[in-house]
Amino acid sequence: MLDTLGGVEPGARKWTELAPDQQARLLDEYRLAYLAEVPVNWCPALGTVLANEEVTNDGKSERGNHPVYKRPMKQWMLRITAYCERLADDLELVDWPEPIKLMQRNWIGRSEGAEVHFPLAYGSAQSPDEIITVFTTRPDTLFGATYMVLAPEHPLVGSITTDAQSDAVKAYQSQAAARSDIDRQADAKEKTGVFTGAYALNPVDNDKIPIWIADYVMMGYGTGAIMAVPAHDQRDFDFARQFDIEIKPVVLPTQDWLKHHAPEGCDKEDVHDLMAHYVAAANTFDAAFGGTGAGINSENDEVSLNGLLTPDAKSAMSDWLKRRGFGKATIQYKLRDWLFSRQRYWGEPFPILHAPDGHIIPVNEADLPVALPEMDDFKPSASDDPDAPPQTPLSRAPASWKTVEVNGVKYARELNTMPQWAGSCWYYLRYLDAHNEDRFVGEEAERYWMGGNGIDLYVGGAEHAVLHLLYSRFWHKVLHDLGHVSTPEPFGRLFNQGYIQAYAYTDQRGVYVDAEKVQDNDGRFTFGGEPVSREFGKMGKSLKNAVGPDDVCEKYGCDTLRLYEMYLGPLDQSKVWNTRDIVGVHRFLQRLWRNFVDEETGELLVTSDRADEALKRKLHKTIKRVTDAMDAMAFNVAIAALIELNNELVGLKTIPREVAENMIPLLAPSAPHICEELWQRMGHEDSISTTNWPTHDPAMLIEDTIEYPVQVNGKLRGKVTVPTDADDAAIEAAAREDENVAEHMAGKTVRKVIVVPKRLINIVVG
RNA sequence: GGCCCUGUAGCCCAAUUGGCAGAGGCACGCGACUUAAAAUCGCGCCAGUGUGGGUUCGAGUCCCACCAGGGCCA
């Protein structure tokens with residue numbers, strides 16, 4: 001095991017046999033928190049570095065939209081990559097929306113493939129400096145690798161470049177450094193690159209293949225080097241055509257693909273001719289074939305992929321690579337380690353001390369937590385200059401805070417702080433036992449609240465998919481491994497609520513105007529007499545379309561506001577705020593009140609009278625519907641069912657107590673105030689929040705008779721009512737007796753009769 | 001460019017997961033109450049489910065293609 005780790009003496013087997021620096025290096029390979037000199041996202045305007053997750057697609061900071069630059073800096077990292085596999089696999093354990101799971105899987109970016117070692121053509125292949133390792137998801141195309149590409153920053157570039165190519169390579173390297181990753185990854189047809197003058201050997205056939213550098217290969221992804229298979233990868237194809245490199249097909253495309261991409265002059269109907277043409281001159285086709293198919297041109301003395309379908313070819317090649325020591329099947333992830341330090345004041349200080357000789361120790365446990373020093377000026381040092389040295393606010397802290405003496409040695413405090421995510425990674429655990437002075441959460445409290453599958457229900461926005469929700473899963477797993485928490489996952493069930501949207505209005509210059517002051521004149525919208533155009537978007541300040549909840553509360557009460565928000569529509573979808581509709585739920589509450597309380601006298605109308613059979617059935621049906629809907633978080637449906645029941649009560653002089661006692665608790669979560677008031681008036685001394693959720697009587701849901709729709713050939717032709725316990729034959733007989741049904745069956749042969757119990761009857765004739 | 005979500009009445013939304021397209025609300029119309037209006041109560045109105053195919057006895061629901069809106073990743 002130790003042998004496989006970098007820099008360890010062969011033969012060393014025991015920890016104590018290792019030199020201190022070897023021990024340190026080994027530990028560093030495994031530490032979950034480590035310092036590293038890495039290319040980071042530096043945002044001079046914010047005066048801080050940012051995690052990949054905090055940088056938008058167009059290279060701006062997620063907060064504030066400022067430009068972000070790559071630059072190397074020594075920073076704290078958290079080794080989230082050590083948990084890649086479990087973070088991906090354990091998504092199986094949780095009840096989350098599939099799109100969020102998918103986003104996390106994509107972000108983690110698991111890909112199966114193989115690593116392949118390409119020896120340099122002139123080297124002895126003994127030293128690691130003479131081997132280029134690449135990762136590929138398509139080891140089956142190895143016979144088609146006709147060149148290699150290193151990222152311009154790849155450490156081998158300097159040593160392999162020939163003198164003749166040296167100037168060109170250096171010029172290209174500095175040109176590439178000036179481009180952003182986003183730029184470099186953009187699918188430009190025009191590829192750039194420079195030949196290093198060096199060659200590698202393709203391990204499958206010992207062919208000498210040229211080594212290029214090109215900026216479409218990124219150092220931060222995979223090994224920073226690729227084997228290029230131009231026949232089967234579009235970017236490699238574009239590159240090879242541009243620089244006139246051999247394009248060797250090793251997978252046979254589908255007929256459709258050949259037809260579609262063949263050059264002019266081919267007989268597109270003659271499959272054999274197309275294939276022959278492709279094998280002879282794949283470079284004349286207009287694209288790379290990236291799909292799967294049978295292998296061709298892929299054979300050496302020991303292994304043949306010819307005729308094998310892609311999955312089989314992949315494993316055959318991986319096996320061969322492993323047998324010959326040229327590589328092995330492996331899994332690669334897109335997720336990078338998490339850049340965990342920030343140059344901000346408002347963040348948790350690291351409990352870390354730096355010794356004068358550079359070694360690092362943790363702050364003594366008795367001195368935890370490390371509190372931020374009081375400072376007058378705690379702003380980050382913002383700058384327009386991307387090369388300005390980072391200045392953390394804590395570097396301006398009093399010397400008494402910055403220096404700590406331990407055993408006579410003066411240590412310097414770490415002056416970076418943790419990112420805002422640090423707190424959200426574990427707050428849910430602290431909330432369980434917030435006053436515990438001994439532990440971050442007591443074991444008993446943790447088991448009680450988190451037991452089973454973690455937090456029962458976590459409601460939040462989808463924007464956290466690859467930030468908070470990934471980071472906190474990582475921390476939770478670390479805590480789980482250390483035995484501090486009992487579940488492998490923090491959030492058993494996740495629910496994403498949608499956004500509230502509202503109409504927004506722009507004037508003729510395209511500037512947003514205050515939506516509340518816009519007048520609607522039969523679909524023509526004006527603001528201060530000027531016409532404005534209406535659009536639509538997430539409610540908020542930027543679109544000037546926010547509706548203050550205070551106004552709604554003031555006018556209708558907060559039960560109405562609450563009810564309205566729940567009634568808008570499915571919780572997980574974005575919904576339009578339409579002030580006009582509020583009166584609907586407000587009327588419901590007023591009607592409810594009038595049903596229960598005499599408006600004139602204020603007398604409670606709930607009596608001990610028995611409910612009649614129909615009302616009882618309605619009640620129990622409602623209990624079931626509301627219960628099911630609340631479980632499914634379909635609050636809009638639950639409220640609709642209660643409105644329906646309430647409408648049934650309108651004609652009654654008094655409300656039977658058995659109805660009231662069940663109905664009010666059903667509504668209480670949605671309209672707590674009015675329900676509490678009615679509950680008290682009904683004679684209860686305890687709050688309604690302490691009462692049990694009503695349960696329905698299944699017997700009350702069973703009807704004596706059922707009305708069946710009768711279809712003939714799938715079209716509704718009649719309806720029959722039969723006793724609930726009628727058997728199929730009886731139902732069918734009843735159906736045939738219906739006049740209209742009989743008419744549509746007249747003179748035809750019955751082919752089939754489908755009786756779906758409690759649903760319908762379909763008679764197929766022909 | 002790839003992937004994901006959504007599309008049902010003038011509007012917001014339901015539809016027991018493949019079984020009668022309508023629960024509820026808004027808006028609108030008519031009627032009752034009222035001197036009148038508001039409020040209230042009653043009654044009514046409107047779509048064949050974005051488009052085109054397919055599977056099925058039967059499709060809003062499943063499959064394929066396309067269109068539109070929103071999102072994620074390049």
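Owing to the predicted nature of the structure, the values given are computational and were not obtained by experimental measurement. Lettering of chains follows the sequences in order, A, B, ..., and the numbering in each one begins at 1. Quick note: numbers below take in every heavy atom, side chains included, and nothing from hydrogens, waters or symmetry partners.
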Just to be sure I understand the rule, does [X] reach a base, reach only the sugar-phosphate, or reach nothing, if contact means heavy atoms closer than 4.0 Å?
| X | result |
| --- | --- |
| A/Leu568 | sugar-phosphate |
| A/Ile643 | sugar-phosphate |
| A/Arg751 | nothing |
| A/Lys719 | base |
| A/Ile754 | base |
| A/Pro97 | nothing |
| A/Asn647 | sugar-phosphate |

What's the closest nucleotide to the [X] side chain, out of [options]?
| X | options | answer |
| --- | --- | --- |
| A/Val650 | B/A14, B/G42, B/C20 | B/G42 |
| A/Leu102 | B/C57, B/C4, B/G19 | B/C4 |
| A/Arg587 | B/A27, B/A14, B/G24 | B/A27 |
| A/Tyr567 | B/A27, B/G24, B/C13 | B/G24 |
| A/Arg591 | B/C26, B/G25, B/C73 | B/G25 |
| A/Asn636 | B/C20, B/A23, B/C13 | B/C13 |
| A/Asp581 | B/C20, B/G25, B/A27 | B/G25 |
| A/Lys334 | B/C20, B/C13, B/C73 | B/C73 |

(Q) Return the pairing partner of B/G7 with a 3.5 Å limit on both distances, Watson-Crick or G-U wobble; otherwise return none. (A) B/C67
Q | Any donor-acceptor N/O pair, A/Asn106 side chain to A/Gly109 backbone, under 3.5 Å | A | no
Q: Scan for side-chain hydrogen bond (donor to acceptor under 3.5 Å, both in side chains) pairs involving residues 621-632 of chain A, sequence neighbours excluded, and state none if there are none.
A: A/Lys624-A/Asp628, A/Arg625-A/Glu644, A/Thr627-A/Trp693
If I pick the [atom1] atom on [M] and the same atom on [N], what distance separates them, to the nearest angstrom?
| N | M | atom1 | result |
| --- | --- | --- | --- |
| B/U49 | B/G54 | P | 15 Å |
| B/G7 | B/U61 | P | 11 Å |
| B/U51 | B/G60 | C1' | 15 Å |

Q.
I'd like to know if A/Asn762 reaches the base of B/C57 with its side chain, counting only an N/O donor and acceptor under 3.5 Å.
A. yes
**Q.** Phosphate-side-chain proximity, A/Arg759 and B/G18, N/O vs OP1/OP2 below 4.0 Å
**A.** no
Q) Does A/Arg625 or A/Arg594 map to a spot on RNA chain B nearer the 5' end, using the closest nucleotide for each? A) A/Arg625
(Q) What I want to find out is whether A/Arg105 reaches A/Glu92 closely enough, with some N-O distance under 4.0 Å, to be called a salt bridge. (A) yes
Q) Is there a ring-ring contact (aromatic ring centres under 6.0 Å, His included) between A/Phe635 and A/Tyr567 once you walk through the steps? A) CA-CA 6 Å; A/Phe635 302 128; A/Tyr567 193 60; over 10 Å; no
Q.
So for atom CD, which belongs to A/Glu554, do other residues, nucleotides or ligands contribute more than 12 heavy atoms lying within a distance under 6.0 Å?
A. no
